[in-house]
Amino acid sequence: MAGDDILDLKGRAAFVTGAGQGAGRGIALALAGHNAAVAVNDFVLERAEAVAQEIRDAGGKAVAVQADVGDYASVKAAFDAAAEALGPISLLVNNAGNAGPNSQIRLTDDFWSTDIADWDRFFRTNLYGVMNCCHVALPAMVAAGQGGRIVTITSDSGRVGDARLAAYCGAKAGAAGFMRALARETGRHGITCNNVSLATLDPPIPEDQREAYYAMDRTKAQLSRYTIRRFGTPDDVAGMVLFLCSDAASWITGQTYPVNGGYSFSL
Ligand SMILES: NC(=O)c1ccc[n+]([C@@H]2O[C@H](COP(=O)([O-])OP(=O)(O)OC[C@H]3O[C@@H](n4cnc5c(N)ncnc54)[C@H](O)[C@@H]3O)[C@@H](O)[C@H]2O)c1
């Protein structure tokens with residue numbers, strides 16, 4: 001393979017959703033660190049702006065674009081603004097997820113006891129958000145004729161199931177299936193579509209509460225299910241996403257890669 005850095009993304013522009021914190025921030029920094037120009041999307045504009053500024057301070061190119069990925073019109077406006085600032089978008093990372101904007105992911109009741117009104121926040125961001133972004137991004141990606149990359153952050157909840165998170169599991173599994181169909185449609189255009197399936201990331205709790213958190217029986221029990229006995233970090237996620245966005249991954253599509261410390265194994 002020509003060139004020294006097989007992960008180099010020079011000349012490409014990326015759109016990363018929910019990139020104002022957590023895994024999305026790590027992904028945005030990693031893509032920018034390998035020379036992609038990055039549109040940093042978040043529902044919360046201040047978060048996106050802070051990450052875009054961080055990239056520019058490090059010498060990279062970035063713009064912040066506010067949008068709720070669950071809202072098609074706002075996704076369209078954000079993509080237009082991103083392409084105007086950075087040029088055609090050829091890398092899309094669908095990272096926004098969990099329970100959507102302004103909502104925490106928590107264990108629910110057994111599914112049959114849940115309020116049907118509570119399902120929407122999971123599907124709106126984790127499934128429709130992914131479909132909206134792909135629907136907006138693909139026409140220009142196909143027309144440019146330069147290929148492209150779409151990576152969606154899914155969850156082991158959607159691969160192997162998690163009790164009392166059924167709506168979330170369903171939305172994530174739906175997104176993964178949607179990406180497989182998209183891979184079939186886009187392959188002839190040199191566009192790859194893959195999923196990165198995460199298990200639990202290290203929660204963003206204040207430093208002075210961490211010791212107590214890790215001493216809890218519940219945390220210990222959860223960690224005992226991990227072959228590599230720690231929770232994940234944004235860097236763990238970013239490495240796989242960067243690889244899938246690179247030329248090194250041009251013959252990989254329609255796949256789901258667990259990045260999960262061995263929480264589950266894939267065949
Ligand atoms: N954290 C985990 O343990 C874990 C486990 C498995 C999978 N995941 C998945 O990884 C991804 C990243 O998770 P995280 O925990 O790093 O994220 P996070 O919750 O820490 O941050 C997500 C960011 O996305 C933004 N966001 C939420 N909904 C949005 C929307 N509709 N439109 C635009 N922005 C939106 C939020 O404002 C926030 O800044 C998600 O898809 C999540 O489902 C996370």
Side-chain angles (χ1 to χ4, degrees), residues 15-30 39-52 54 64-79 82 92-107 120-133 136 151-162 165 167-176 178-179 195-205 213 219 222-223 225-226 230-238 240-241 256-261 263-264:
F15 192 102
V16 185
T17 71
Q21 67 179 31
R25 172 177 167 272
I27 292 164
L29 295 178
V40 181
N41 158 259
D42 205 283
F43 179 74
V44 182
L45 179 60
E46 297 73 36
R47 284 182 198 161
E49 276 173 342
V51 175
E54 207 176 336
V65 281
Q66 196 280 340
D68 172 359
V69 297
D71 179 299
Y72 191 90
S74 91
V75 169
K76 179 83 177 76
F79 264 82
L92 165 63
V93 183
N94 294 305
N95 165 80
N98 285 334
N102 302 324
S103 192
Q104 294 295 316
I105 194 162
R106 290 212 179 82
L107 295 183
D120 185 62
R121 64 195 174 115
F122 295 109
F123 281 85
R124 190 178 152 84
T125 295
N126 291 291
L127 178 55
Y128 282 109
V130 172
M131 294 169 73
N132 286 339
C133 290
V136 167
V151 179
T152 293
I153 305 301
T154 60
S155 171
D156 263 23
S157 292
R159 283 183 60 244
V160 298
D162 268 325
L165 278 176
Y168 175 69
C169 295
K172 285 298 200 190
F178 166 73
M179 289 292 286
N195 303 303
V196 173
S197 175
L198 307 183
T200 304
L201 303 183
D202 209 15
I205 44 180
Y213 176 78
T219 311
Q222 198 183 357
L223 268 175
R225 300 170 71 185
Y226 287 73
R230 64 170 175 82
F231 294 130
T233 67
D235 284 348
D236 293 322
V237 185
M240 178 59 86
V241 174
T256 296
Y257 288 93
V259 172
N260 64 8
Y263 176 80
S264 72

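Each residue takes its place number in the sequence, starting with 1. Both ligands and their constituent atoms are indexed starting at 1 by order of listing. Quick caveat, the model's predicted, so the values are computed rather than measured.
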What are the atom names and distances for all N or O pairs under 3.5 Å between ligand 1 and the protein?
| unit_1 | atom_1 | unit_2 | atom_2 | d |
| --- | --- | --- | --- | --- |
| ligand 1 | 3 (O) | L201 | N | 2.8 |
| ligand 1 | 15 (O) | N98 | ND2 | 3.0 |
| ligand 1 | 16 (O) | A23 | N | 2.8 |
| ligand 1 | 17 (O) | N98 | ND2 | 3.4 |
| ligand 1 | 19 (O) | N98 | ND2 | 2.9 |
| ligand 1 | 20 (O) | Q21 | NE2 | 2.9 |
| ligand 1 | 21 (O) | Q21 | NE2 | 3.2 |
| ligand 1 | 28 (N) | P101 | N | 3.2 |
| ligand 1 | 31 (N) | D68 | OD1 | 2.9 |
| ligand 1 | 31 (N) | T125 | OG1 | 3.1 |
| ligand 1 | 32 (N) | A67 | O | 3.4 |
| ligand 1 | 32 (N) | V69 | N | 3.0 |
| ligand 1 | 34 (N) | F43 | N | 3.1 |
| ligand 1 | 37 (O) | D42 | OD1 | 2.6 |
| ligand 1 | 37 (O) | R47 | NH1 | 2.9 |
| ligand 1 | 39 (O) | D42 | OD1 | 3.2 |
| ligand 1 | 39 (O) | D42 | OD2 | 2.6 |
| ligand 1 | 39 (O) | R47 | NH1 | 2.8 |
| ligand 1 | 41 (O) | N95 | O | 2.6 |
| ligand 1 | 41 (O) | K172 | NZ | 2.8 |
| ligand 1 | 43 (O) | N98 | N | 2.9 |
| ligand 1 | 43 (O) | N98 | OD1 | 3.1 |
| ligand 1 | 43 (O) | Y168 | OH | 2.8 |
| ligand 1 | 43 (O) | K172 | NZ | 3.1 |

Could you pull out all residues at least two apart from T152 that satisfy side chain to side chain donor-acceptor pair (under 3.5 Å)?
-> N94

Apply side chain to side chain donor-acceptor pair (under 3.5 Å) to S155 and list each qualifying residue two or more places apart in sequence or on a separate chain.
-> S157

With side chains defined as the heavy atoms from C-beta onward, is the minimum distance between V241 and I153 less than 4.5 Å?
-> yes

Contacts of N126 that satisfy side chain to side chain donor-acceptor pair (under 3.5 Å) - sequence neighbours left out | K172

Under 6.0 Å between the ring centres of F231 and Y226?
-> yes

Ring centroid separation for F15 and F79, is it under 6.0 angstrom?
-> yes

